[in-house]
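Accompanying notes for the structure given below.
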Amino acid sequence: MSDKPDTVIGSLDPDQNDLEQRILKETRAHGATPETIALFCDLILSHFRAHGRDLPWRQTTDPYRILVSEIMLQQTQVERVAVKYSEFLARFPDFETLARAPKSEVLLAWQGMGYNRRAIALQRTAERVVEEYGGRLPADVETLATFPGIGKATAAAICAYAFNMPVVYIETNIRRVFIHFFFQDREGVRDDEILPLVERALHRENPREWYSALMDYGTVLKKRTANPNRRSASYTRQSRFEGSDRQVRGRLLALILKEGSVTEAEAAARTGEDPGRVRRILADLAREGFVAESEGTYTCR
């Protein structure tokens, strides 16, 4: 797929558009029949085989690299991950390297990704893989879901992409695709209504390709339709970032990583934030293990 330009994402070929309209008409009239499920699968796979994105984590089945990509993709756009992914792997190429790295180096490598808890969770997962599993990521959804920062959906995605296991799971893009096609006139669509359809449509011979195809079609829909996920029972609006505690947390952590150590007063002066707010957020960062505090000075090791 490397010869296919990414710019086609968001569009359909005329034949694909006709097939989508046919599926929408059939599902509105008759629901998710075996025939409409088969047509749906044909459309998703034909679009992917013509226009699928050439993403770096799709060029590997190495469990460590898949794990890194899935943790990065949890709350960050694909375009930003595509850049950071290669940089992170160059610095931490395997579980052992990541597990033994200083926390400050891991957080520095993560800068620009946001949600720094993911970096800490990823390192803790690497430590557990090395200490408990001999450096080999277990190929089991239930086991993976017990690792730091890995819930059921991420665990299933890792099993699909790293081990080509025919697991059934749902996440934002998958939810968007199924609501668009099979719940056209519904509000408050529950995930437990969608999951049986995900199972019926699953390409069991090649779940790795199938889930990649679903993800890309979800990107298509995001660009060309009103977001179907607004009709999901689990839909919530993302809180405003500008001026939020999350933004200040990121700025404070970046300052400590850059300087090595700062006092509470220095942090307030350098960020221009209210000293009381800075004190509270620094205390949170220390309590959560991002930084260490000693006599009013904060460091990250």
Side-chain angles (χ1 to χ4, degrees), residues 2 53-165 208 212 249-250 252-261 285-292 298-301:
S2 59
R53 292 173 292 181
D54 185 19
L55 301 171
W57 46 90
R58 290 181 178 170
Q59 300 169 9
T60 182
T61 59
D62 177 75
Y64 172 72
R65 291 172 176 254
I66 297 298
L67 168 69
V68 170
S69 70
E70 286 301 317
I71 297 298
M72 285 186 166
L73 288 164
Q74 282 177 345
Q75 292 164 302
T76 306
Q77 294 180 339
V78 167
E79 293 78 11
R80 187 183 302 177
V81 173
V83 174
K84 279 289 184 178
Y85 174 77
S86 298
E87 295 176 356
F88 192 89
L89 290 176
R91 197 162 182 175
F92 311 107
D94 51 42
F95 283 113
E96 187 173 351
T97 305
L98 179 59
R100 67 170 185 253
K103 185 196 313 178
S104 58
E105 288 188 16
V106 177
L107 288 169
L108 276 170
W110 198 266
Q111 289 296 288
M113 290 283 292
Y115 296 97
N116 292 292
R117 286 186 181 89
R118 294 178 297 164
I120 300 298
L122 182 58
Q123 184 175 41
R124 288 175 178 165
T125 287
E127 292 168 353
R128 185 174 168 190
V129 169
V130 170
E131 293 169 4
E132 299 180 25
Y133 296 91
R136 297 177 65 87
L137 194 69
D140 179 75
V141 172
E142 297 300 324
T143 302
L144 287 173
T146 68
F147 280 66
I150 302 179
K152 280 289 185 69
T154 299
I158 292 167
C159 285
Y161 293 121
F163 307 113
N164 211 26
M165 292 172 58
R208 180 185 292 121
S212 294
R249 280 173 62 97
L252 289 170
L253 183 57
L255 176 64
I256 295 168
L257 289 170
K258 178 183 178 183
E259 299 298 333
S261 66
L285 288 170
R287 186 178 64 255
E288 295 165 20
F290 286 94
V291 300
Y298 293 83
T299 59
C300 182
R301 300 184 183 87

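Owing to the predicted nature of the structure, the values given are computational and were not obtained by experimental measurement.
Here the closest non-hydrogen pair linking P148 and R124 is CG-CB, 3.8 Å. The minimum heavy-atom distance between K103 and Q123, with the atom names listed, is CA-OE1, 3.9 Å. Looking at every heavy atom in both residues, R136 comes nearest to V129 through N-CG1, 3.6 Å. Here the closest non-hydrogen pair linking A99 and V130 is CB-CG2, 4.1 Å. When all heavy atoms of A139 and C159 are compared, the pair lying nearest together is C-SG, 4.2 Å. Pairing each heavy atom of D62 with each of T60, the nearest pair is N-OG1, 2.9 Å.
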*Residues L122, W110; criterion side chain to side chain contact (heavy atoms under 4.5 Å, CB included); working and verdict*: CA-CA 11 Å; L122 182 58; W110 198 266; 4.0 Å; yes

*asked:* Using the rule given for side chain to side chain contact (heavy atoms under 4.5 Å, CB included), can you reason through F163 versus T61, listing the C-alpha separation, both sets of side-chain angles and the distance that settles it, and then say yes or no?
replied: CA-CA 7 Å; F163 307 113; T61 59; over 6 Å; no

_Applying side chain to side chain contact (heavy atoms under 4.5 Å, CB included) to I150 and L67, what does each step give before you reach the verdict?_
CA-CA 9 Å; I150 302 179; L67 168 69; 3.6 Å; yes

_Working note: R249 + E288, criterion salt bridge (charged side-chain N to carboxylate O under 4.0 Å, His left out); need CA distance, chi angles, decisive distance, verdict._
CA-CA 12 Å; R249 280 173 62 97; E288 295 165 20; 2.9 Å; yes

_Stepwise side chain to side chain contact (heavy atoms under 4.5 Å, CB included) test for V106 and F92_ = CA-CA 9 Å; V106 177; F92 311 107; 4.1 Å; yes

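Shown are V78, L55, V68; of these, the side chain to side chain contact (heavy atoms under 4.5 Å, CB included) with Y85 is made only by V68.
For R128 and Y133, the positive end is not near the middle of the six-membered ring at less than 6.0 Å and at most 45° from its axis. Under the 6.0 Å distance and 45° angle rule, R117 does not count as a cation-pi partner of F290.
At distances below 3.5 Å, not a single donor-acceptor pair connects side-chain atoms of T97 with backbone N or O atoms of P93. Counting only distance, with no hydrogens or angles, the side chain of K84 and the backbone of Q111 share a donor-acceptor pair below 3.5 Å. Between the side chain of S86 and the main chain of V83, no donor-acceptor pair closer than 3.5 Å is present. R58 contributes a side-chain N or O that, together with a main-chain N or O of R53, makes up a donor-acceptor pair within less than 3.5 Å. A donor-acceptor pair is defined here as one N or O able to donate and one able to accept, closer than 3.5 Å; no such pair exists between the side chain of R118 and the backbone of G149. Checked by atom type and distance alone, the side chain of T143 never pairs as donor or acceptor with a backbone atom of P138 at under 3.5 Å.
Here the CG-CD1 distance, from L285 to I256, works out to 6.5 Å after rounding to the nearest 0.5 Å. If you take OG1 on T154 and CD1 on I66, they are separated by 12.5 Å, rounding to the nearest 0.5 Å. Residue T299 holds its OG1 atom at 10.5 Å from CG of L257, rounded to the nearest 0.5 Å. To the nearest 0.5 angstrom, M113 atom CE is 10.0 Å from I71 atom CD1. To the nearest 0.5 Å, atom OG of residue S69 and atom CG of residue L89 are 8.5 Å apart. With rounding to the nearest 0.5 angstrom, the SG atom of C300 is 12.0 Å from the CG atom of L255.
No side-chain heavy atom of E127 sits under 4.5 Å from any side-chain heavy atom of L98. When side chains are defined from C-beta on, L107 counts as touching N116, because their heavy atoms get closer than 4.5 Å.
Contact check on E87 versus R91 returns no salt bridge, with no Lys/Arg side-chain nitrogen under 4.0 Å from an Asp/Glu carboxylate oxygen. The pair K152-E142 counts as a salt bridge, with a side-chain nitrogen and a carboxylate oxygen less than 4.0 angstrom apart.
For E132, the CD atom sits in a packed shell: over 12 heavy atoms of surrounding residues, nucleotides or ligands are nearer than 6.0 Å.
Taking the six-membered ring for Trp and the full ring otherwise, the centers of W57 and Y161 sit at least 6.0 Å from each other.
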